[in-house]
There are 2 protein chains.
Amino acid sequence: MDSNCMSCTCLHDLCLSKVPLFASLDHANLVTITTQMQHKSYRKGETIISEGSHPLGFTVIQHGSAKAYRITADGREQILYIFPTHDYFGARFLFTEDAVPYSVEALEETHVCILSKTQLMQLLAEHPPVALELIEAMAHRMRRLELVVQSMGGRNAEMRIASMLLEFMDTYGKQTDRGIEVTLPLSREGLANYVGMARETLSRKLSQLEEEGVIAFIDSRQMLVKDRGMLVDLSVLAAE
Amino acid sequence: MDSNCMSCTCLHDLCLSKVPLFASLDHANLVTITTQMQHKSYRKGETIISEGSHPLGFTVIQHGSAKAYRITADGREQILYIFPTHDYFGARFLFTEDAVPYSVEALEETHVCILSKTQLMQLLAEHPPVALELIEAMAHRMRRLELVVQSMGGRNAEMRIASMLLEFMDTYGKQTDRGIEVTLPLSREGLANYVGMARETLSRKLSQLEEEGVIAFIDSRQMLVKDRGMLVDLSVLAAE
DNA sequence: AGTTTACTGTGATTCAAATCACATGTATGA
DNA sequence: TCATACATGTGATTTGAATCACAGTAAACT
């Protein structure tokens, strides 16, 4: 299970300094906050928070990654967010309901740092610039959700997939000599649950995109984007 | 077209006092801000902001209502938000991009009050409680977007419709002697564009729900919810 | 009031994606 | 190293929703 790790590298590395949200804080403040935080580790597949439970608090992913998902009435797993290293979650539902609206599960060995609700509120009250940063961060997350709603409202599977690939390209893409290389954060099953379609359909459409020369796979998790323009045209970003 | 209306009732009514976001401000501050704001009127069907244009600023709906939508590549209109009276929009995209990501159109005769980006920023910096209120408001909007993503990810049309009806019930529902009466904010075509499906499918499913005794229509815009529990079971909120 | 225009319901048909079924491939762990 | 479970691709079939087509109805305009 999860365990407190006071001997972890959080303080030494000052993990929070890599989180844009806290960019406006000076070193002394960061140290203070880091010591206040609770630190936990999870193995791949372990649950960080369960839907319906009491919120842990504002949680920063110091190392590793996680997915936020919900099991729907028809038994499907709908993935809402992927949180990469240095991303965070929990701010949103500290401000709304008591119960956590979705589960979060570690996708790999993952270390998190948790700030309690009271501590976060105090931080926001004492450091107004952090509140503005949080607003900006939430604005970006809303922007993404709005795009997802648009792509999910679309009729064809191709649009959803193209939009997803563009999103992952922005988050995980690296420019290499062979083109933009993207490490997909999820299995095919996971990708399908992210865009809300059957695994088989996703698989077929990805093969199709590869045949058309839009993308190329190095292996099942490593992808090259050959024709970004075509992806944009297929995606929800395309103008009418 | 739109026109400035300095003679409108904004100052007298102090429209902003009805907006929860500004609950923490005292009367004097509200008056100051109201005078700073730009006031405009739109007739039904008129565009308040166009996708791709420069943001107007933080916009409060003093009277009337509006829809935010985007035309997708396949020519469909995807509705993202419905803004009822005393709701507001524009905070989100003031913090992200330069261009407005969707169009907003008045659904009826509508009066709006606009605060420019600089004015909003100044307000947030000078009145930290307003920033916290804004975070809370954004959290609620994110919560709704997350629910929409979940329902859009679902396979069947019924789930999307049930989720939409519950949402409208919360926003527009009034307890009457005959049950919970809901005035739908959109035509059938609009509802279909809101949940991302064909008008015909929506129409058929609504008739079906009426036959099953879950809802009842007084006229095409007035609806009674007879069995809220059944709607919840059909919706995205249902536990697995 | 009468005409035009937009809105709505319903059947018939088509079609894209889900589901079913299974073979192959790839990790994972005893 | 092998065995077991998990991941992936691909064909065949089914199905739910989109599309097409049209009639009836309500609303808006002159």
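Letters go in sequence order (proteins before strands), and every chain restarts at 1. These numbers come from a predicted model, not from an experiment.
The cationic atom of B:Arg92 (NZ for Lys, CZ for Arg) does not lie both less than 6.0 Å from the six-membered ring centre of B:Phe58 and within 45° of the ring axis. In this structure, A:Arg141 is positioned above the aromatic face of A:Tyr81, its NZ or CZ under 6.0 Å from the six-membered ring centre and within 45° of the axis. Judged by the 6.0 Å distance and 45° axis criteria, A:Arg143 is not positioned over the aromatic ring of B:Tyr102.
When the P atom of D:dA27 is taken as reference, atom NZ of B:Lys44 falls 10 Å away, rounded to whole Å. For the pair A:Arg221 CZ and D:dT8 C1', the interatomic distance rounds to 12 Å; values are reported in whole Å. Atom pair B:Asp74:CG and C:dA16:P shows a separation of 13 Å (rounding to whole Å applied). Per the geometry, CD1 belonging to A:Ile161 stands 14 Å off C1' belonging to C:dA18, to the nearest Å. Look at CZ on A:Arg204: it is 10 Å from C1' on D:dA12, rounded to the nearest Å. Taking atom CG of A:Leu206 as the reference point, atom P of D:dT10 lies 11 Å away to the nearest angstrom. The distance between atom CG of A:Leu184 and atom C1' of D:dT8, rounded to the nearest whole Å, is 14 Å. One can place CZ of B:Phe217 at 16 Å from C1' of D:dT25, the figure rounded to the nearest angstrom.
Between A:Ser203 and D:dT8, a side-chain N or O to OP1/OP2 separation shorter than 4.0 Å is absent. Residue B:Ser220 places at least one side-chain N or O under 4.0 Å from the OP1 or OP2 atom of C:dT8. Of the side-chain N and O atoms in B:Thr201, one or more sit less than 4.0 angstrom from OP1 or OP2 of D:dA18.
Taking the side chain of A:Lys205 as heavy atoms from C-beta on, and the options C:dT8, C:dA17, D:dT10, the nearest nucleotide is C:dA17. Here the nucleotide nearest the side chain of A:Met197, chosen from D:dA28, D:dT10, C:dA18, is C:dA18.
At the heavy-atom level, A:Arg155 lies under 4.0 Å from the strands shown only through sugar-phosphate atoms. Among the protein residues, B:Glu200 comes within range of the nucleic acid bases, having at least one heavy atom under 4.0 Å from a base atom.
The aromatic ring centres of B:Phe168 and B:Tyr194 sit less than 6.0 Å apart.
For C:dG9, its base sits under 3.5 Å from the side chain of B:Arg199 at one donor and acceptor pair at least.
A residue-by-residue look at B:Arg188 and A:Ala198 shows that B:Arg188 has its nearest nucleotide of DNA chain C further toward the 5' end. Residue whose closest nucleotide on DNA chain C sits further toward the 5' end, between A:Leu202 and B:Ser187: B:Ser187.
For B:Gln222, the side chain to side chain donor-acceptor pair (under 3.5 Å) partners are B:Glu181, B:Thr183, not counting sequence neighbours.
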